[in-house]
Protein chains: 2
Amino acid sequence: MAALEFLIRYCEKNIMRLTTRGRYAVTAMLDLALNNECGPISLADISQRQEISLSYLEQLFAKLRQNNLVSSVRGPGGGYCLARASDAISVAEIIDAVNESIDATSCSGKGNCHNGDICLTHHLWDDLSRQIHRFLSGISLDSLVHQQDVQVVMLRQSDQADANSGCAKV
Amino acid sequence: MAALEFLIRYCEKNIMRLTTRGRYAVTAMLDLALNNECGPISLADISQRQEISLSYLEQLFAKLRQNNLVSSVRGPGGGYCLARASDAISVAEIIDAVNESIDATSCSGKGNCHNGDICLTHHLWDDLSRQIHRFLSGISLDSLVHQQDVQVVMLRQSDQADANSGCAKV
DNA sequence: AAACAACATACTGTTTTAGTAGGTTATGTC
DNA sequence: GACATAACCTACTAAAACAGTATGTTGTTT
């Protein structure tokens with residue numbers, strides 16, 4: 001039945017991990033979003049601007065590329081571009097892409113998940129997990145760039161003045 | 001000035017970490033919330049129900065206690081209770097409590113955070129970080145227990161029938 | 001041909017996670 | 001008072017994840 005399938009799916013679902021790894025990935029993608037009109041951005045540039053190790057960035061971008069979040073151009077002048085418009089890329093996608101490591105530890109493997117209140121809290125957790133995921137799915141790179149948070153607008157506007165005045169990297 | 005203070009505060013702020021550790025803590029707190037009327041709940045009970053190592057639970061509850069999220073009763077028949085009503089305890093508090101380890105790595109220590117577009121993406125990240133935190137601050141244990149998610153209501157109702165029929169543990 | 005930059009793989013030190021082990025202290029019950 | 005219970009505390013450990021280093025190769029532009 002649909003209910004059981006549903007239950008199993010969410011029992012096996014893994015946690016939405018949120019660490020510095022995800023921060024690096026989102027930060028790098030934000031860097032891309034901000035410099036998108038300027039053609040491909042090299043990882044060397046991002047590495048320098050965001051102070052993230054180049055090789056580490058390469059590892060992260062391998063995953064981002066596998067998940068069709070960025071496209072690459074090789075050779076001199078090459079680099080990475082967003083694969084889609086920044087309003088079509090969610091924060092959730094980025095974090096998921098970079099944390100791919102399917103280990104469904106919750107309650108799979110043990111058949112005792114399906115009976116009664118043993119697993120009730122698991123369901124509740126899965127609810128939360130899904131809410132978090134849905135929340136982050138609703139936040140696009142674009143919405144981040146275009147100040148959602150009123151409190152820091154003042155700070156950011158002065159910053160954006162320099163940043164947006166036509167491809168500062170050239 | 002206020003703006004600079006503001007900037008520094010959020011530059012130094014750490015990421016909201018979300019791992020299995022947090023899942024365990026939230027799960028355990030949910031277990032408490034569900035059995036709250038039954039008096040103190042021993043960690044041994046939670047350990048058995050949620051399949052979490054007893055000693056690990058003890059470590060987590062040490063943090064939860066330090067942060068006034070639970071209160072304890074020693075001796076036989078003792079255990080832990082929620083320190084407040086379940087609608088006054090947010091998921092964010094629980095996760096924060098259990099992940100306490102102040103390491104402000106973002107851009108503190110390096111003075112270069114304050115100039116221009118170098119740190120623009122950091123601001124954007126901090127925005128996101130704060131949004132996540134605010135989101136999880138808005139979700140209480142109580143709201144989790146009382147089905148926010150319509151899709152799983154059907155599943156949970158049958159479960160809650162057993163669970164809520166007066167302190168199953170006695 | 002040379003330089004550039006993506007792409008790939010293997011290795012390393014550190015931190016976090018999750019759990020184990022072995023206690024001490026407080027408090028009910030017999 | 002003896003005893004069981006369960007909180008409380010500290011130190012240790014194996015495994016995983018994190019973050020970074022090193023060393024390439026492949027493709028592309030100049």
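The model shown is predicted, which means the values in this text are computed figures rather than measured ones. Each chain gets a letter, A, B and so on, in the order its sequence line appears, and its residues count up from 1.
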Euclidean distance, atom OH of residue A/Y80 to atom P of D/dT28 [Å, nearest integer]: 14 Å

Shortest side-chain distance from B/N99, nucleotide among C/dT17, C/dC7, D/dC8: C/dT17

Sugar-phosphate only, base, or nothing, as touched by B/F61 at under 4.0 Å among non-hydrogen atoms: nothing

Length of the CD1-P vector between A/I41 and C/dA6, whole Å: 10 Å

Value in whole Å for how far the C1' atom of D/dA6 lies from CG of B/D45: 11 Å

A/P76, nearest nucleotide to its side chain (from D/dG27, C/dC7, D/dC8): D/dG27

Sugar-phosphate, base or nothing in reach of A/R74, heavy atoms under 4.0 Å: base

Residue met sooner reading DNA chain D from 5', once A/T19 and A/E58 are mapped to nucleotides: A/T19

Inter-residue atom distance B/H146.NE2 - B/L141.CG, 0.5 Å rounding: 11.5 Å

Any N/O donor-acceptor pair, B/Q59 side-chain to C/dT20 base, under 3.5 Å: yes

Reported OG1-to-CG distance for the pair B/T27 and B/L32, which is rounded to 0.5 angstrom: 11.5 Å

Minimum-distance nucleotide to B/S42 side chain [options: D/dG20, C/dT17, D/dA7]: D/dA7

Length of the line joining A/R23:CZ and D/dA17:C1', which is rounded to integer Å: 16 Å

Nearest-Å distance for atom pair CD1/P, residues A/I95 and D/dA17: 17 Å

Sugar-phosphate, base or nothing in reach of A/S55, heavy atoms under 4.0 Å: base

Rounded distance in Å - CG (B/L43) to C1' (C/dG19): 15 Å

Between P of C/dT15 and CZ of B/R21, the distance in whole Å: 16 Å

Nearest-neighbour nucleotide for the B/S53 side chain, D/dC9, C/dT20, C/dA6 considered: C/dT20

Full working for side-chain hydrogen bond (donor to acceptor under 3.5 Å, both in side chains) between A/H123 and A/D127: CA-CA 6 Å; A/H123 297 335; A/D127 273 7; over 6 Å; no

Touch class at under 4.0 angstrom, heavy-atom based, for A/L54 against every strand present: nothing

A/K63 and A/E58 ion-paired at < 4.0 Å: no

Distance-minimising heavy-atom pair for B/L69 and B/R84: CD2-NH2, 3.3 Å

Phosphate contact (D/dC8 OP1 or OP2) by B/S72 side-chain N/O below 4.0 Å: yes

From D/dG20, C/dC7, D/dC8, nucleotide with atom closest to A/R65 side chain: C/dC7

Whole angstrom value for the distance that separates P of C/dA5 from CG of A/L57: 14 Å

